Visitor: 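The structure that follows is given in the form of structure tokens.
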There are 2 protein chains.
Amino acid sequence: MLNNTIPVLDQSNTDACRSSSKGSTNGSSCAMKYEAFKVACSSCNLRELCLPVGLSQPQLSHLDSLVATRKTVKRGDALFHTGDAFRSVYAVRTGFFKTRISSEDGRDQVTGFQMAGELLGLDGISTDRHACDAIALEDSQVCVIPYAQLEDLSREFSDLQHQFHKIMSREIVRDHGVMLLLGSMRAEERLAAFLLNLTQRLHARGFSASALVLRMTREEIGSYLGLKLETVSRTFSKFQDEGLLEVKQRDIRITDEAGLRALVNSVRC
Amino acid sequence: MLNNTIPVLDQSNTDACRSSSKGSTNGSSCAMKYEAFKVACSSCNLRELCLPVGLSQPQLSHLDSLVATRKTVKRGDALFHTGDAFRSVYAVRTGFFKTRISSEDGRDQVTGFQMAGELLGLDGISTDRHACDAIALEDSQVCVIPYAQLEDLSREFSDLQHQFHKIMSREIVRDHGVMLLLGSMRAEERLAAFLLNLTQRLHARGFSASALVLRMTREEIGSYLGLKLETVSRTFSKFQDEGLLEVKQRDIRITDEAGLRALVNSVRC
DNA sequence: CGTTTGCTTGACAGCATTCAACGTTGGTGG
DNA sequence: CCACCAACGTTGAATGCTGTCAAGCAAACG
């Protein structure tokens, strides 16, 4: 339900540039390295997870000329804010983001967490202004995809057009899965589903399927899952007591994946 | 947050064919009538709410040839089911639908209610199979828009392409609003937001802004809002006691819209 | 006219929230 | 290098909102 069905990554050396789990390195050194390689979609090791999925080599080179600029966003900074003019969508290249919306009375809702290869900013198409804030949860870099040019190019290449539509549709399906989670699951089920979804996406990017470092706070997890931070913390502790996880602050090791999975798929006890 | 910002309908005789609130007429007589008028997008009185928004007359005639077939769906029947092959998107012409997803363990979540001019089936693009069930809540008729042809045509006309993207983006923004509702609002706030959203959309279609007939059961409202049907019922009663609404089963009259609006925008009491 | 489906209401229970205190970690500056 | 501070995380106790279970009523349908 929460699962993004993302094609498996071409594993050619994806570990080359990856921020350490200690968070001590900042993103810029990584960015420099990529720039040195003159990175383009056609040679990006994320291309099997990102917009270029399924494009031919000539199509890729057109896309390369479109995705000419990159942007570095420091941890805690916004890639865009609600109300900003919408000009581009963004592909996460390195790092990690959250998107959130705010109601007039100040309540926030985290609407998603985005990692490498995932697109940000699709909400902006509907009104020409962004409808959420996108905040970097660690030093990050994104590819800037000017939207007008993306529309132009996808009128030329039906493969690109179709892939873009698939990505938007996938976001809709994902959102519906989150609605199911928020509308009908209990705290334990929500957190279990969340962890399984995260590890599945990380695994598709070449990371371990059983160990992960959370890039977000308990409060951010809680906002996404419709829970208070105390409930998130308590549920982590409960999972640890039950032998499902090992929790050390933001370092999580899944010790009983089947147990987690059973939680998600079980009706009320 | 829940509000779809939909342009106001051109009011030329939109009341001509409208199923009675008693539900005693079936949709087919209505359908016949429309067929007699040889309905096309270019002459449809929903065109300012639907896919054709902003298209020129020549573009509209192209769209007319694409949207050649219509389909009648009886109350309770499905327009499509989860897993069905995806070939078309559908525009609601008359009637009312719900979409729902089911988890493996049998839990359902209503993900939306669709009325005239709104599109159904966008979820299917991502995997070439529909990802939800679309169920008619009253006898309904939809325009069938073959998706492959829609892609073809929107490569020719950037206006159509852009409008289609806007519609998908608007669905994403709407979903995020529902997440906010499910994640952070209490029962009263959820129901108030739901009613305001419904009346706003109905009003854009020429109906009263203060009276409405619910096409869905308390259970379906509850599923959409992440509440049990008893809670929905109790909250309706509470609103009535407080003088916000007059509730007679599915007939609702809003007697204090400002009061409802205040509920949605107020932080916790 | 009887049956089914949907709606309302009451009593009670349970899960998540709230409020509060304390512990941990990482960064900063003396 | 260490002390301090701020942000984050954990845990306990009590409250309350919503769910659960149950009964009765109303409306719709054949």
Side-chain angles (χ1 to χ4, degrees), chain A residues 20-26 74-76 98 107 135 137-139 181-192 213-241 245-252 263 266-269, chain B residues 20-26 74-76 98 107 110 135 137-139 181-192 213-241 245-252 263 267-269:
Chain A
S20 95
S21 50
K22 290 295 171 203
S24 54
T25 61
N26 67 5
K74 280 228 183 53
R75 177 182 147 151
K98 71 172 176 184
R107 270 178 288 200
I135 313 287
L137 296 183
E138 56 182 357
D139 291 350
L181 178 144
L182 292 171
S184 72
M185 290 185 173
R186 294 172 320 118
E188 293 175 35
E189 301 169 318
R190 295 184 197 191
L191 189 61
V213 179
L214 299 174
R215 300 286 135 120
M216 68 294 279
T217 66
R218 301 291 191 257
E219 185 167 23
E220 287 162 337
I221 297 173
S223 173
Y224 183 60
L225 299 179
L227 302 169
K228 293 294 158 189
L229 68 92
E230 294 95 329
T231 306
V232 174
S233 180
R234 266 186 257 275
T235 309
F236 269 124
S237 300
K238 183 147 188 270
F239 283 175
Q240 183 160 243
D241 292 346
L245 302 177
E246 279 174 23
V247 183
K248 235 184 275 169
Q249 303 287 119
R250 298 195 180 184
D251 288 305
I252 310 287
L263 253 180
S266 71
V267 220
R268 194 59 35 100
C269 140
Chain B
S20 95
S21 49
K22 292 294 172 202
S24 53
T25 61
N26 67 6
K74 279 227 186 56
R75 178 184 147 150
K98 71 171 177 184
R107 271 179 287 200
V110 170
I135 312 288
L137 295 184
E138 57 183 357
D139 292 349
L181 179 144
L182 292 171
S184 72
M185 290 185 174
R186 291 167 327 114
E188 293 175 35
E189 300 170 318
R190 294 183 198 192
L191 189 61
V213 179
L214 300 174
R215 300 286 135 121
M216 69 294 279
T217 66
R218 302 290 191 258
E219 184 168 22
E220 287 161 338
I221 297 172
S223 172
Y224 183 60
L225 299 179
L227 302 169
K228 292 295 158 186
L229 69 93
E230 293 94 331
T231 304
V232 174
S233 180
R234 265 187 258 275
T235 309
F236 268 124
S237 300
K238 182 145 188 272
F239 283 176
Q240 182 160 243
D241 293 347
L245 302 177
E246 279 172 25
V247 182
K248 235 184 276 170
Q249 302 288 117
R250 297 196 180 182
D251 288 304
I252 309 287
L263 254 179
V267 220
R268 193 61 36 103
C269 143

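Each chain gets a letter, A, B and so on, in the order its sequence line appears, and its residues count up from 1. Quantities reported herein were computed from a predicted structural model and do not represent experimental measurements.
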Visitor: Output the rounded distance in Å from CZ (A/R218) to P (C/dA16).
Guide: 17 Å
Visitor: Should B/R250 be listed as having a side-chain N or O under 4.0 Å from OP1 or OP2 of C/dC7?
Guide: yes
Visitor: Hey, are the side chains of A/E246 and A/D251 touching, using non-hydrogen atoms and a 4.5 Å cut-off?
Guide: no
Visitor: Could you pull out all residues at least two apart from A/E188 that satisfy salt bridge (charged side-chain N to carboxylate O under 4.0 Å, His left out)?
Guide: A/K238
Visitor: Detail all sub-3.5 Å separations between protein N/O atoms and N/O atoms belonging to nucleotides 11-13 of chain D.
Guide:
unit_1: D/dT11; atom_1: OP2; unit_2: A/S237; atom_2: OG; d: 2.4
unit_1: D/dG12; atom_1: N7; unit_2: A/R234; atom_2: NH1; d: 2.8
unit_1: D/dG12; atom_1: O6; unit_2: A/R234; atom_2: NH2; d: 3.1
unit_1: D/dA13; atom_1: N6; unit_2: A/R234; atom_2: NH2; d: 3.4

Visitor: Heavy-atom count check: over 12 atoms from other residues, nucleotides or ligands less than 6.0 Å from A/Q240 CD?
Guide: yes
Visitor: Would you mind reading off the distance between B/E219 atom CD and C/dT5 atom P, rounded to a whole angstrom?
Guide: 12 Å
Visitor: In a check of salt bridge (Lys or Arg N to Asp or Glu O under 4.0 Å) between B/E138 and each of B/R215, B/R75, B/K98, which one passes?
Guide: B/R215
Visitor: Could you give the distance from CZ (B/R218) to CE (B/M216), rounded to the nearest 0.5 Å?
Guide: 10.0 Å
Visitor: Nearest whole Å is fine: how far is C/dG6 P from B/K248 NZ?
Guide: 22 Å
Visitor: Test B/I221 against every option in B/V110, B/L227, B/L191 by the side chain to side chain contact (heavy atoms under 4.5 Å, CB included) rule and name the one that passes.
Guide: B/L191
Visitor: Whole angstrom is fine here: how far is it from CG in A/L227 over to P in D/dG9?
Guide: 15 Å
Visitor: Mind checking A/G226 for me? I need base, sugar-phosphate or nothing, with any heavy atom below 4.0 Å counting as a touch.
Guide: sugar-phosphate
Visitor: When the distance from CG of B/L182 to C1' of D/dT18 is rounded to whole Å, what number comes out?
Guide: 14 Å
Visitor: How far apart are the closest heavy atoms of A/G222 and A/V232, and which atoms are they?
Guide: CA-CG2, 3.6 Å
Visitor: How many Å lie between CG on A/D251 and P on D/dT10, as a whole number?
Guide: 12 Å
Visitor: Roughly, in whole Å, what's the span from CZ in B/R186 to P in C/dT18?
Guide: 10 Å
Visitor: Quick check for you: to the nearest 0.5 Å, what is the distance between A/L225 atom CG and A/L229 atom CG?
Guide: 12.5 Å
Visitor: Return the value, rounded to whole Å, for the distance between atom CZ of A/R215 and atom P of D/dC8.
Guide: 16 Å
Visitor: Check whether any side-chain heavy atom of B/R107 sits under 4.5 Å from a side-chain heavy atom of A/E189, and report yes or no.
Guide: yes
Visitor: In degrees rounded to 10°, what angle is found between the helical axes fit to the five outermost pairs at each end of the helix from C/dC1-D/dG30 to C/dG30-D/dC1?
Guide: 40°
